[in-house]
Every structure is written in structure tokens, then in C-alpha cells.
Amino acid sequence: MKTKLLSSLLLITLLSFENIFSQQMASDSKGESVFTSYSFDDYKINISTAEPLSVGVSLGRFLTSLNLKDKAAIAGRNSDVYVNYGLLNSGDQLDFNKLNDNKFGHSIKLGYQNSVVNLQNLNPFWFFKGGGGVAVFYNVDNFNFLNSETMEESSETPASYGLELNSTIFITETNVFTKLTALLAFEAKYYINTWNSDELLNYQTDYIQNGTVVAMEDFKGKYGILKDDISKLRVAGSLPLYYGHFNLTPYTVLTTASESKPSYRAGTNFNIIQAPIDREELNFGSSFGIGIDWLNQDGEWSQANIFLRGSISFGKI
């Protein structure tokens, strides 16, 4: 039943809605964005276990020409008020062959976003603001939970709500590296109320044990002590670099929550992109790559986390 539902939602998304315009160009090992691009005229899909389906619908849109105090420079900015719905998967794994075993949550977002749609003749400018946005969100997660004190299993649906911001700055300069496109990206997400997802462990009750070895297919849910009344702030900064069909995005992430010490994450994404950046019709194509990062918790660095990531752009449909 869930397989048919997810397939139907994906089909409706591609054929009926006006846009799926958010594209996660770089992420950390937890699958959370460190750089997201917005294109209001293209259909895009992110490959993510945390949010396997996302639909953006425009409520109002307008295009403006920017006053750059230089008649030789041309730039346009697209602005949009939108609603976004997301299908959430609070587990760390998503198996499309066993969708009946997945418990999906829901996300709704209302926001305003503007982004540059071309960078034609912007070489005279060292720095040029690329866009920014603000949104309010409300999430309801859904997962199996095993209380570590009572050892009782339950189904939990904690709510999260808050505010998120993003900003992008293009770095441009006339030099021999004319094919190099460099950006500074900033993202911040403040949860007024949420749950302690980073503190819970995964668990499975159906497993095989042979001595000190435990074998299992996948995880069933979350394990620990659930706290659903905490506040949380996540701030990410990155330096995406594009040259030809290659992209390197070093990043750092700060996460702090009530009743816990801040944690830091640093790493990079190495991506191959579908097509080089076209400054006259600015857009980011499909990308696939590998990422690596390290987590600093309580002053100690973790081992390297290596992961695969990708996003698909269908262009205009």
C-alpha cells in the first residue's frame, strides 16, 4: 500500500505541481544540507533518506533586474513565496523494497526565497550577493521507539517547529580562472521546539547473535530516553567551488541544543556535475559524489564518516 502511495505522490509531483525548486547541492554525513540551490523554473529531486519526497508550490513570483551601477553588467533576480511539503523518514535507512516497514512523517514549510538567475558580465564585481531566504516550518516525525529504562516499545510522533534562513554570495573576479565559480553559502535552522534525535541510538529486536557477533538486516527504530521539549540551533557554512564538471564543497557545521554541549562537524563533498555552470542562465545540474566529515563532540574528534550523496535536476518540464 505504501509503495503505491509513494509512487502516486511522486507521479503527481512531476506532472501536476508547478515546481520542485529546492536542490541540495552539498550535505553532511547526517544527510542535512550545507548548501542548497533554488531554481524556480526547474524540477529537481534530492536523493535523501531523511526526506525521500519534497514538493514545492509557488504562491507568487516576480523577476527583477538588479541595479549594479554599471550598465555593462546584467543580472536578474527571481523572488518567490512558496509552500513546501515533505515526506519525512526519521530512520537512518530507507528500503524501497520494504516500504511497509517504514514509518513516514510530514513536513510543511512556508517561505520567501530570492535567487540570482544569471551572472552575465559580473566579473568586475569581487563579491556579489546571490540570494537568500527565510521560512517557517512545522514537522511531525514518526518512528518506532524503545525506552531504555522501561524497555517498552511504542510509536512516537514528536513535533518540531521553528525558523530557517539561508544566504549565498558569489565571488567573482576577472582572472585566468574564468571557468571557476566560487560561492559562500550560509544556512541556519532554529528549532523553537524539537526532540533529541542526535542523542538516540538505533535498535533492532530481530537479530542473530554468535558469541560476540550480532547480525541484523536493518534497524527498527530509535532507542534511549525521548525528550520532545528541547530547542536546537544548527548553523552551516560552506565554500562551494565549481570548475567544469567538478565541484568541491568544504564545510563546517555547528549544532547546539538545550541541555547539551555544542558539537562541531567539518568535512567536504567531492561531486561530479552534469554540466558546467552557465552564468548567462544560472542553474545547477544533477550531481553525484562522495563526502567525508568528522564530528567533534566534547573536544574529541570522531573517525571519518564517508558517505554517498546526489541530486537530480530534470530541467524544465
Side-chain angles (χ1 to χ4, degrees), residues 10 13-15 17-28 31 33-48 51 54-56 58 61 63 66 73-80 113-123 125 127-133 166-185 187 238-251 267-292 307-317:
L10 183 58
T13 295
L14 294 176
L15 298 181
F17 287 104
E18 184 175 358
N19 298 95
I20 318 168
F21 50 78
S22 171
Q23 183 178 4
Q24 191 179 101
M25 299 304 301
S27 62
D28 61 19
S33 172
V34 296
F35 170 46
T36 297
S37 71
Y38 295 83
S39 176
F40 305 117
D41 295 319
D42 298 290
Y43 289 81
K44 301 177 182 294
I45 288 181
N46 298 312
I47 301 174
S48 171
E51 191 174 7
S54 178
V55 178
S58 172
R61 169 173 314 171
L63 176 67
L66 304 180
I74 302 172
R77 187 186 301 279
N78 227 339
S79 300
D80 196 277
Q113 183 71 39
N114 68 65
S115 63
V116 168
V117 294
N118 65 62
L119 293 177
Q120 190 176 7
N121 298 323
L122 281 184
N123 281 337
F125 299 88
F127 292 94
F128 181 75
K129 191 174 185 303
N166 70 80
S167 182
T168 303
I169 297 175
F170 285 90
I171 304 173
T172 62
E173 180 191 3
T174 302
N175 53 41
V176 295
F177 301 106
T178 56
K179 294 183 179 179
L180 176 67
T181 299
L183 305 89
L184 290 173
E187 297 186 2
S238 62
L239 178 64
L241 302 171
Y242 289 87
Y243 190 85
H245 290 272
F246 299 97
N247 161 244
L248 175 68
T249 303
Y251 61 86
T268 189
N269 284 182
F270 305 90
N271 297 313
I272 297 177
I273 59 176
Q274 179 183 9
I277 302 298
D278 183 355
R279 293 193 169 200
E280 295 185 11
E281 190 176 348
L282 186 64
N283 194 16
F284 295 88
S286 302
S287 68
F288 295 93
I290 188 171
I292 182 172
F307 55 96
L308 298 175
R309 63 154 312 277
S311 62
I312 301 173
S313 174
F314 291 98
K316 298 175 177 62
I317 297 182

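Remember, predicted model here, so these are calculated numbers, not experimental data. Heads up: numbering here begins at 1 and tracks the sequence.
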Checking Ser287 side chain against Asn271 main chain: does a donor-acceptor pair fall under 3.5 Å?
no

What pairs with Ser33 under side chain to side chain donor-acceptor pair (under 3.5 Å), at least two apart in sequence or on another chain?
Thr36, Glu187

Suppose we screen for side chain to side chain donor-acceptor pair (under 3.5 Å). Which residues come up paired with Asn269, at least two apart in sequence or across chains?
none

Roughly how far apart are Leu183 CG and Met25 CE, rounded to 0.5 Å?
10.0 Å

Taking ring pair (Phe, Tyr, Trp, His ring centres under 6.0 Å) as the definition, give me every residue that meets it alongside Phe35, ordered by chain and number, with sequence neighbours left out.
Phe284

In chain order, what residues pass the side-chain contact (heavy atoms from CB on, under 4.5 Å) check against Ile292, with sequence neighbours excluded?
Thr268, Phe270, Trp294, Ala304, Ile306

Taking atom CD1 as the centre, does Ile272 end up with more than 12 heavy-atom neighbours from other residues, nucleotides or ligands that are less than 6.0 angstrom away?
no

Nearest atoms (heavy-atom pairs only) where Pro276 meets His245:
CD-CE1, 3.5 Å

For Asp28 and Tyr251, work out which heavy atoms get closest and say how close.
CA-OH, 3.4 Å

As a quick check of understanding, evaluate side-chain hydrogen bond (donor to acceptor under 3.5 Å, both in side chains) for Asn247 and Thr249, giving each step before the final call.
CA-CA 7 Å; Asn247 161 244; Thr249 303; 3.1 Å; yes

Give the intermediate values and the outcome of side chain to side chain contact (heavy atoms under 4.5 Å, CB included) for residues Leu184 and Thr168.
CA-CA 6 Å; Leu184 290 173; Thr168 303; over 6 Å; no

